[in-house]
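Numbers restart at 1 for each chain; the letters A, B, ... are given by sequence-line order, proteins then strands. Keep in mind that what you see is a predicted model, and the values were worked out from it rather than measured.
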Number of protein chains: 2
Amino acid sequence: MSKHHSCLVRQFESHENLEEDEIELLLRLERSPERFEAEQDLWRAGEGPADELAVMSKGWAYGYVDHPDGKRTINDIYLPGDVIGLHEYPLDSHQTSVRALKESTICRFPHKHLDDIFELSPKLTRMFFKVACLQQVILINRTLHTYHQAADHRVAHFMCEMYARLARTNPDLANKFNLPLTQEHIASTLGMTSVHVSRTISQLSQENLMFRQRDIITIPDLEVLRRFTAFDISQY
Amino acid sequence: MSKHHSCLVRQFESHENLEEDEIELLLRLERSPERFEAEQDLWRAGEGPADELAVMSKGWAYGYVDHPDGKRTINDIYLPGDVIGLHEYPLDSHQTSVRALKESTICRFPHKHLDDIFELSPKLTRMFFKVACLQQVILINRTLHTYHQAADHRVAHFMCEMYARLARTNPDLANKFNLPLTQEHIASTLGMTSVHVSRTISQLSQENLMFRQRDIITIPDLEVLRRFTAFDISQY
DNA sequence: CGGGGTGTTGACTCCAATCAAAGGTTGTGG
DNA sequence: CCACAACCTTTGATTGGAGTCAACACCCCG
């Protein structure tokens, strides 16, 4: 039952159980799958109209902005089951660009579909509201534990977040999981340089807190890492 | 018409015009005014149940978290017309503490009232959704232009944000406005030390970008400051 | 007037950025 | 199946911006 094949449905069912007709309504958002190659943009910051959202059906993507000095800031990583661009609902043009990290399937849908849900199902409305709020809770946790902390805590917190978010749609996630991000990506996400990410990760490895080889992350003891970076799992 | 006495209503009307019955529904959220003295907490992080939201009717408040090492992070400043704790809607306990900055009037209301709005008015639902999303847009702009930038840009961007948010309910805001925050508060908000805030502000003053004396901020040319820190007014 | 919170200034330290070069890995085509 | 190129990662040396520590100046306010 909760083992639905759609990650979006699994994401929602991890919050609350759904009836058949609610699942129907949700699946409507995933009706137009588009395939994206690695490094392909879904849309670009500043461009409009931003009258569509998207569901990440399969793969990995990230939201980013390029600065005049050539640096890039990644503001979010999108996983299967995530709604992309939900926060841009009130805007006329896109706040951030979105790019696939590897071959991915993404389904665009018009704002209208969301408005329809607001009309048709107070329960799904509540759940969408929760999903949107949860994104904000996560953002705030980043400001609390990532932006205003030392480098080792930042990296550790980021890994805990990725684990927690992946676990929501993959309840049986092992302590060894795939994270197809280069150190460059991680650096752009955490606001540091890739050189320093490298040094920080090797330091964390020496302390046996986490390991990384290419895209495989290993966290020997999740509980220890969580305590290290004051990560509160109940908020993800 | 748009000159309603309630800041919350003005906030909503700045997005879209409201009918009488919608205003009624909104005003229901402001029915239990409570007075808070400076430095008084509305609620504390970690405490629960978080089954109430609040409307900032009058005054100033801030959301914060205290870290084990004694440092404090301020994650948001609340202005009249703001909904406090909206993002905590999916949580069981409060993510952050909220404290009045000076004598303030704040109205608590139960989650239930929000759920009722979802049932009764798709239009208000859409608008609440927009308000919640806009908070997220603002958070993301902070990560883009505040957290990952040099100190002078951070302070400048923060001032632009405060101006823009105040202007939403005070359309005639002058280039000289009240900001009852100490440099210590600003430092906790931007993740820097009060010493460095002091140095940065005096640097910005020398460059004629902004001035501060106690709680009076003066921005000689808003447009110049905006360009300096790549502030996009259309997103506030 | 005095005193506590607030703001300023200087000297010093340190974490992370920068610059630079050398290893590793992956994948592609000959 | 090897070789080479492109990208990613590691490591070292140096620089610089912001933190820290500390003393002093400035207001308000009582």
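Position along DNA chain C of the nearest nucleotide to Arg212(B) versus Ala150(A) favours Arg212(B) as the more 5'-ward residue. Sequence order on DNA chain C of the closest nucleotides to Glu184(B) and Ala151(A) puts Glu184(B) first from the 5' end. Comparing Arg199(A) and Arg214(A), the nucleotide of DNA chain D nearest to each residue sits closer to the 5' end for Arg214(A).
Between Leu181(A) atom CG and dT9(D) atom P the separation is 10 Å, expressed in whole Å. The nearest whole Å value for the distance from the OH atom in Tyr147(A) to the C1' atom in dC15(C) is 20 Å. One interatomic measurement links the two molecules: NZ of Lys102(B) to P of dC29(D), which rounds to 12 Å at whole-angstrom precision. Here the C1' atom of nucleotide dT9(D) and the CD1 atom of Ile186(A) are 12 Å apart, to the nearest Å. One can place CD1 of Ile216(A) at 16 Å from C1' of dT9(D), the figure rounded to the nearest angstrom. In this structure, the CZ atom of Phe211(A) is 13 Å from the P atom of dT10(D), given to the nearest Å. Protein atom CD of Gln213(B) is 10 Å distant from nucleotide atom P of dC28(D), rounded to whole Å.
Using a 30° and 60° split on the angle between ring planes, Tyr236(A) and Phe231(A) fall in the parallel class, below 30°.
Relative to the side chain of Ser202(A), the nucleotides dT11(D), dG19(D), dT6(C) differ in distance, and dT11(D) lies closest. For Thr193(A), counting side-chain heavy atoms from C-beta on, the closest listed nucleotide (dT8(C), dT10(D), dT18(C)) is dT18(C).
Taking 4.0 Å as the cut-off between side-chain N and carboxylate O, Arg199(A) and Asp152(A) do not count as a salt-bridged pair. For Arg142(B) and Asp76(B), the salt-bridge test passes: some basic side-chain N is under 4.0 Å from an acidic carboxylate O. A salt bridge does not link Arg108(B) to Asp51(B): none of the charged nitrogens lies less than 4.0 Å from a carboxylate oxygen.
Here Arg154(B) lies out of heavy-atom contact (under 4.0 Å) with every strand. Counting non-hydrogen atoms under 4.0 angstrom, Val195(A) reaches a base of the nucleic acid.
Dashed line: the shortest gap from a side-chain N or O of Gln183(B) to OP1 or OP2 of dT8(C) is under 4.0 Å.
Between Tyr163(A) and Ile233(A), every side-chain heavy-atom pair lies at or beyond the 4.5 Å cut-off.
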